[in-house]
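Working notes, structure below.
Please read these numbers as outputs of a predicted model, since none were measured by experiment.
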Amino acid sequence: MGFEIIEKMNADELKEYIRSLLWSFRLTDAFWFIKVEDRFGIAAAEELNAGVWAKVGQLGARDILKRFGPFEKGPKGVWQAYSLFPWTIIADYEVEEKGNELIVSMPHCPPQEGRLKHGKGEYICKHMHGAEFQNFASVIDPNVKVECLFAPPDSHPAECFCKWRFYAV
């Protein structure tokens, strides 16, 4: 069957199919983590998750650069590329431009909110997103660095789970 079914879809059907793919992507990520946590513990799940997302960030950036690039240099160009990354559409980041840097925050985090809703507590995501963001940025513009301002396990305000700084060196 392959891509033939997609080629026959109209614009509305394609949009709905993309929504379905993103929902499946989110479920796969969530249940992968939960199953690893159930079998091997939270520390193992966090460690494996960091390794997976470090690689996903790098490979995702390569694919986006190949399909949609080139992008402008600097943090804005990195974020233009990252806006095409599937997780960005799901996560709904807030981005604030401050000179030649970007402050990226996440007021609502679907994985953390889901864990809290089910009484699991937050998991440590600081290392995972740090590696993901930095590896992604390095592919798009090696001069862009990423600094974590706060992310779990750090304390954070109730209205924001994490905050990151993208800047050029």
Which is it for Phe166 and Ile103 under the side chain to side chain contact (heavy atoms under 4.5 Å, CB included) test, yes or no, and what are the steps along the way?
-> CA-CA 6 Å; Phe166 289 65; Ile103 304 300; over 6 Å; no

Close side-chain approach of [X] to [Y], heavy-atom, < 4.5 Å:
| X | Y | value |
| --- | --- | --- |
| Val78 | Phe133 | no |
| Lys76 | Phe71 | no |
| Thr88 | Trp79 | yes |
| Glu94 | Met106 | no |
| Pro153 | Lys126 | yes |
| Gln58 | Val139 | yes |

Give a yes or no answer on whether the side chain of [X] reaches the backbone of [Y] with a donor-acceptor pair at less than 3.5 Å.
| X | Y | answer |
| --- | --- | --- |
| Asp154 | Ala151 | yes |
| Glu13 | Asn10 | yes |
| Glu132 | His127 | no |
| Asp141 | Gly74 | yes |

Would you compute the distance between atom [atom1] of [X] and atom [atom2] of [Y] and round it to the nearest 0.5 angstrom?
| X | Y | atom1 | atom2 | answer |
| --- | --- | --- | --- | --- |
| Glu4 | Met9 | CD | CE | 12.5 Å |
| Ile42 | Ile124 | CD1 | CD1 | 8.0 Å |
| Ile64 | Ser83 | CD1 | OG | 8.0 Å |
| Phe3 | Ile6 | CZ | CD1 | 5.5 Å |
| Arg39 | Lys35 | CZ | NZ | 9.5 Å |
| Lys163 | Glu96 | NZ | CD | 7.0 Å |

Flag yes if more than 12 heavy atoms outside [X] fall under 6.0 Å of its [atom1] atom; otherwise flag no.
| X | atom1 | answer |
| --- | --- | --- |
| Gln80 | CD | yes |
| Trp32 | CH2 | yes |
| Lys15 | NZ | no |

Taking [Y] as the starting point, is it possible to reach [X] by hopping between hydrophobic residues whose side chains are less than 4.5 Å apart?
| X | Y | answer |
| --- | --- | --- |
| Trp87 | Leu21 | no |
| Leu22 | Tyr82 | yes |
| Tyr167 | Val95 | no |
| Leu59 | Phe25 | no |
| Val52 | Phe33 | yes |

| message | I'd like to know if Arg19 and Glu16 make a salt bridge, using a cut-off of under 4.0 Å between side-chain N and carboxylate O. | response | yes

message: Working note: Phe85 + Asp63, criterion side chain to side chain contact (heavy atoms under 4.5 Å, CB included); need CA distance, chi angles, decisive distance, verdict.
response: CA-CA 10 Å; Phe85 192 61; Asp63 185 62; over 6 Å; no

| request: Step through it carefully: locate the ring centre of Tyr93, locate the ring centre of Trp164, and say whether they are under 6.0 Å apart. | output: no

Quiz item: With under 30° as parallel and over 60° as perpendicular, where do the rings of His156 and Phe161 fit, or are they tilted in between?
Solution: tilted

Give the minimum heavy-atom separation between [X] and [Y], together with the two atoms involved.
| X | Y | result |
| --- | --- | --- |
| Gly77 | Ile140 | O-CG2, 4.0 Å |
| Cys162 | Cys160 | O-SG, 3.2 Å |
| Asn100 | Ala168 | ND2-CB, 3.8 Å |

Practice item. Would you please test Ile18 and Ile89 for side chain to side chain contact (heavy atoms under 4.5 Å, CB included) and show each step? Key: CA-CA 11 Å; Ile18 290 168; Ile89 297 166; 5.8 Å; no

Exercise. Among side-chain atoms of Asp29 and Trp53, is any donor-acceptor pair under 3.5 angstrom?
Worked result: yes

Which of Glu46, Glu122, Glu37 passes salt bridge (Lys or Arg N to Asp or Glu O under 4.0 Å) with Arg115? Answer is Glu37

